[in-house]
Engineer: 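The structure is given below, and queries will be raised subsequently.
These values consider heavy atoms only, across backbone and side chains, with no hydrogens, waters or symmetry-generated copies. A note on names: the letters A, B, ... follow the listed sequences, proteins ahead of strands, and every chain is numbered from 1.
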There are 2 protein chains.
Amino acid sequence: MVTQTEIRQGTYYDSVVLMQLQKALADLPGVIDAGVVMATPANCDLLAASNLLVETTAGSDDLLIVVKAEDEATAQDALSQVDALMAARRSKASSTFRPRSLTSAVQQAPDAQWVLISVPGRYAADVARESLKLNKNVFLYSDNVSLEDEISLKHQAADKGLLVMGPDCGTAIINGIGLGFANRVRRGNIGLVGASGTGLQAITSEIHNLGGGVSQAIGTGGRDLKASVGAVTARQGLAYLMEDEETAVIVLVSKPPAAEVAARLLAAAQQTDKPVVVIFIGYPPPGRQIGNLYFATGLTEGAEIAVELSRELPALTPKEKASFSGYVRGLFSGGTLAYEALLGLQAILTPLYSNVPVHESQQMADPLESKGHAIIDLGEDIFTQGRLHPMMDNDLRLRRLRQEAADPETGLILLDVVLGEGAHADPAAELGPVIAEVIGERNLPVVAVVVGTEDDPQNVAAQVEQLEASGAVVFRKLPDALGYIAAAYQPEHLVKLPEVDSAAFQASFTAINVGLESFFDSLTTQEAHMVQVEWRPPAGGNEKLMALLAKMK
Amino acid sequence: MVTQTEIRQGTYYDSVVLMQLQKALADLPGVIDAGVVMATPANCDLLAASNLLVETTAGSDDLLIVVKAEDEATAQDALSQVDALMAARRSKASSTFRPRSLTSAVQQAPDAQWVLISVPGRYAADVARESLKLNKNVFLYSDNVSLEDEISLKHQAADKGLLVMGPDCGTAIINGIGLGFANRVRRGNIGLVGASGTGLQAITSEIHNLGGGVSQAIGTGGRDLKASVGAVTARQGLAYLMEDEETAVIVLVSKPPAAEVAARLLAAAQQTDKPVVVIFIGYPPPGRQIGNLYFATGLTEGAEIAVELSRELPALTPKEKASFSGYVRGLFSGGTLAYEALLGLQAILTPLYSNVPVHESQQMADPLESKGHAIIDLGEDIFTQGRLHPMMDNDLRLRRLRQEAADPETGLILLDVVLGEGAHADPAAELGPVIAEVIGERNLPVVAVVVGTEDDPQNVAAQVEQLEASGAVVFRKLPDALGYIAAAYQPEHLVKLPEVDSAAFQASFTAINVGLESFFDSLTTQEAHMVQVEWRPPAGGNEKLMALLAKMK
């Protein structure tokens, strides 16, 4: 058994070509195995792991061909056929005229709204920049693009109302045309924004399998929801779907986003009447539903909720039509209720502080004085040392209620009233008058959550009645109270969303493909109008020469 | 308006007494406000915030009485009534004989299974230790107990099969008797373990309100699920409920636990056939259901799921009755599917590694070689540099499939097969034969998840058929595949759970109360047999003397 290698220095081939060549070589008689790769360290490791290589002088820009055969003659013979095998492969793209530059491709298809880019990462940002200059939206499939390039490309695009989906964007569906990897799904009223390619695939497939349909599926690339990128593309996508008449339900999908990015995105998503299904996989959900936001624990469930909503659009009816602005101040006797309230409200209120923070950044500087939105657990050690728990003793809470009411920045007060054995015998009798006083003074809304049963010694019905008589809006379950607050909250400043030129989504889809020919083939099959660029690395892949050329520009 | 203060050095009073005194003082004619607190710094701040105090020489062990009145005479008169007001208050406990020590209380009620402790934190650990020596289970309401004391108390207790619920345990329901703060709920077949007092209250209330009932509700204290405590009490509680014939459904509730503690607890919870509803508030749920584990996003939803399950107990029927041991190796082409699989399986498999880790500790040392359970995203940069994405090119996956099959530690292989535009035209044709080969060699189970629609170019039905023909167990949704794996997995070593002496839960509830008299009153009302200890701080609260006494023991 013999292993022979051939190195072609500084040669570029499309990865599809490499795969086809590898398969063709491996299929030759007498050949046991073959490897055809750009000789990156990782690829060399992989070849070694497959017993296809021990040592080589090839570098990342070199094409490395390895053949393992029964004998030397067979191996040599296989290597000598490489050029012939290369010439034999053909794609649909090869049979049409292919411009050699993006500029001439645009001359050929001036109406193209999109450029699809799948060249190797180190060349991709330049192609994307050129596309934006030519006023084209970009689907950037390439990975290994730097974060700095991503940030600059996205800001440049957003300034022009253009989209950059990616880098490393695997999947999108624009006007029924699947870009990259995309399942064939029926068109419908569910619009998606996804920082996850397979996430979008799994959800759109399941939507289709459940009988629902997709208006648009906008990919963002996996890093879009990082703090440094700031969800530029996701916010553009959201802005478009919020206005889009064909979209009735919105789905947001991502691996866990940066906390502040999530809060901003969710605050923006609150500004539409459309239901928004949020699937932040691995992100602790703030509850099942907060206002128009529905939280799913995974892809499949997200699809189920979206399809259900797309059929029977819910009327958002808060218990009582209400609205308020200013800060929410939550005064809790129950620690876990405080925590659950914080978890729910952090999705929509900012800045939000607490003495039982979920994130360190939410830590209250001084638990005795609220700033911004605040959720305070009055059962924490600092409040209970040497005095009774607030479930037994309302004194501290009454004082704090008055204190919060005196703060002109307070817009709503949220309370829990926990009944049961061991608790105060009649909390409503003490809380009610102060609530009435607070509401009377400046019409400050007070929301109370009563936890208890009809068998509790306090008589839950009487407690609810007393609290309602004092003017409080009373709920028996915390999520209901949070939903009420979410629906009634009028933020002082709306979250501003970047705009997208709707040309990106216009009916006739025309695109220029730079990179993998298989994407050209796939989109042509889907009846998109496509132009393939005959792309070669600038300066023949010679990095020094490339750097020199870049300086001369 | 005049403010007058009185300090009583080194005096101890039950906080209920303090509250009652404060209210009585404030109710006197001419008195505007009053404060009665142990003069901890926090309490002094609170008094100051209520304009009841500026400066004082009182320390944490001193009783501080503040009266704000219309004039000096009224304030003086109020302070002079303190002793009379103290004497006037009476609880049911005061009217019966009260032993002065725990030992004599035990002589009075030798059958008592429980000691309830609500003395100030710095004395509480000693009382708990004494209770354990006397072979009593402990309900430790007191907060401000050190973590070191908690750990030593819990291990000491577990060695004897005794429970320590707490410190800072607000709520428990034992045999229908509510300890601490507890709602009156009907008895039934739902058993709870909770590291959260209000969590237990909110859930048990909602269970009752929905028509369900509670067998036992075992509190653990808020720190039990920290890594350093290791969930000793939660695991004891779980062990008891798993065996308890009256419990059909188990509920676990906590603020987010330490990751390794969560994994251990969930692995243990997998060892019962009973459904377990998990409410780790703020913990990213691994999915809606994994085997017998049901994940809720909040308290209310947790109660709903538990009640539903308690009525219609689900038969756990995996798609095909199967079992395997050894490591799970997941070879994914879809990044988000890999992540979702990791998130789901981390709840039950350990040690689990990945090249797309949820926690840093899960990072694979070498993505090219699996160790332990492993979920590998073959679409990551290291695998795709200079070669095609695994959705287009199966080569890498086929090699890895054979590599994993050759590892004797591999127990099951999990694959995704993502169809659609842009993807390989017939992945099953390439994967199928290798799956058949792998299964043929050593009967290694292979589970495949096929993502796609019937309109996809690959023909999803034919793909599923080919994969099934090769011997793979095929699912169309990832959660179904994870559920199958969870049900079939036979860990090499069962998670050992600590034992609990069932005496703690015996029918006739008898307890000794050390601390707040209101708890004595509450339990007596609930027809528990109670003995109240006439507790006073050792050495009159003199810390130096206490330290001396401790050394002499």
Side-chain angles (χ1 to χ4, degrees), chain A residues 15 19 37-38 40 42-43 45 49-50 143-144 178 180-185 196 198-199 201-202 205 208-209 255 281-285 287-288 297-298 300-301 334-337 339-340 343 358 368 381-382 385-388 391 393 399 418 420-423 451-453 455-456 477 479 522, chain B residues 15 19 37-38 40 42-43 45 49-50 143-144 178 180-185 196 198-199 201-202 205 208-209 255 281-285 287-288 297-298 300-301 334-337 339-340 343 358 368 381-382 385-388 391 393 399 418 420-423 451-453 455-456 477 479 522:
Chain A
S15 325
M19 176 183 70
V37 292
M38 298 306 292
T40 60
N43 279 338
D45 283 356
S50 311
D143 53 12
N144 287 299
F181 306 128
N183 298 90
R184 287 201 187 152
V185 301
S196 144
T198 37
Q201 284 197 263
S205 286
H208 175 93
N209 293 339
K255 287 212 270 183
I281 304 154
Y283 177 89
R288 195 111 292 267
T297 57
T300 307
E301 197 194 19
T336 303
L337 293 177
Y339 195 82
E340 195 170 66
L343 205 63
V358 174
L368 302 184
D381 288 6
I382 174 172
Q385 238 178 347
R387 65 155 66 224
L388 278 181
M391 279 191 205
D393 182 358
R399 287 173 197 269
V418 181
E421 286 297 341
V451 173
T453 75
D455 292 343
D456 279 336
K477 299 171 193 174
S522 152
Chain B
S15 324
M19 176 182 71
V37 293
M38 299 306 290
T40 61
N43 278 338
D45 283 355
S50 310
D143 52 12
N144 288 300
F181 306 128
N183 298 89
R184 288 202 187 150
V185 301
S196 146
T198 37
Q201 284 198 262
S205 286
H208 175 93
N209 293 339
K255 287 213 272 182
I281 302 153
Y283 177 88
R288 194 110 293 267
T297 57
T300 308
E301 197 194 19
T336 303
L337 294 176
Y339 195 82
E340 196 171 67
L343 204 64
V358 174
L368 303 184
D381 288 7
I382 176 175
Q385 238 178 347
R387 66 154 65 224
L388 279 182
M391 280 191 204
D393 182 358
R399 288 172 196 270
V418 181
E421 285 298 340
V451 174
T453 75
D455 293 342
D456 278 336
K477 301 172 193 176
S522 154

Engineer: Chain B: which of T300(A), N144(A), N209(A) shares the most heavy-atom pairs with it under 4.5 Å?
Structural biologist: N144(A)

Engineer: L343(A) versus chain B, heavy atoms under 4.5 Å apart: side chain, backbone, both or neither?
Structural biologist: side chain

Engineer: Can you tell me which of G287(A), A182(A), G180(A) forms the most heavy-atom pairs within a distance under 4.5 Å of chain B?
Structural biologist: A182(A)

Engineer: Can you tell which part of D393(B) gets under 4.5 Å to a heavy atom of chain A, answering side chain, backbone, both or neither?
Structural biologist: both

Engineer: Side chain from CB out, backbone as N, CA, C, O: work out which of these in R399(A) comes under 4.5 Å of a heavy atom of chain B, or both, or neither.
Structural biologist: side chain

Engineer: Using 4.0 Å as the upper bound for N to carboxylate O, is an ion pair formed by R288(B) and E301(B)?
Structural biologist: yes

Engineer: What residues form a side-chain contact (heavy atoms from CB on, under 4.5 Å) with D455(A), not counting sequence neighbours?
Structural biologist: T453(A), R184(B), H208(B)

Engineer: Is Y283(B) close to chain A through its backbone or its side chain, or both, or neither, when contacts mean heavy atoms under 4.5 Å?
Structural biologist: backbone

Engineer: Contact part of I382(B) toward chain A, heavy-atom cut-off under 4.5 Å: side chain, backbone, both or neither?
Structural biologist: both

Engineer: Identify the heavy atoms of I281(A) and Y339(B) that sit nearest to each other, and give their distance.
Structural biologist: O-CE2, 3.6 Å

Engineer: Most heavy-atom pairs under 4.5 angstrom with chain A, which of G422(B), A202(B), A423(B)?
Structural biologist: G422(B)

Engineer: Name all residues meeting the side-chain contact (heavy atoms from CB on, under 4.5 Å) criterion together with T198(B); count only those two or more places apart in sequence or in a different chain, and write none if there are none.
Structural biologist: T336(A), L337(A), M391(A), V418(A), S196(B), Q201(B)

Engineer: For V451(B) and S205(A), which heavy atoms make the closest approach, and how far apart are they?
Structural biologist: CG1-OG, 3.9 Å

Engineer: Determine the minimum heavy-atom distance between N43(B) and M38(B), stating which atoms define it.
Structural biologist: ND2-O, 2.9 Å

Engineer: Identify which part of D456(A) has an atom lying under 4.5 Å from any heavy atom of chain B, answering side chain, backbone, both or neither.
Structural biologist: both

Engineer: G452(B), G178(B), G334(B), G298(B): which one forms the most heavy-atom pairs within less than 4.5 Å of chain A?
Structural biologist: G452(B)

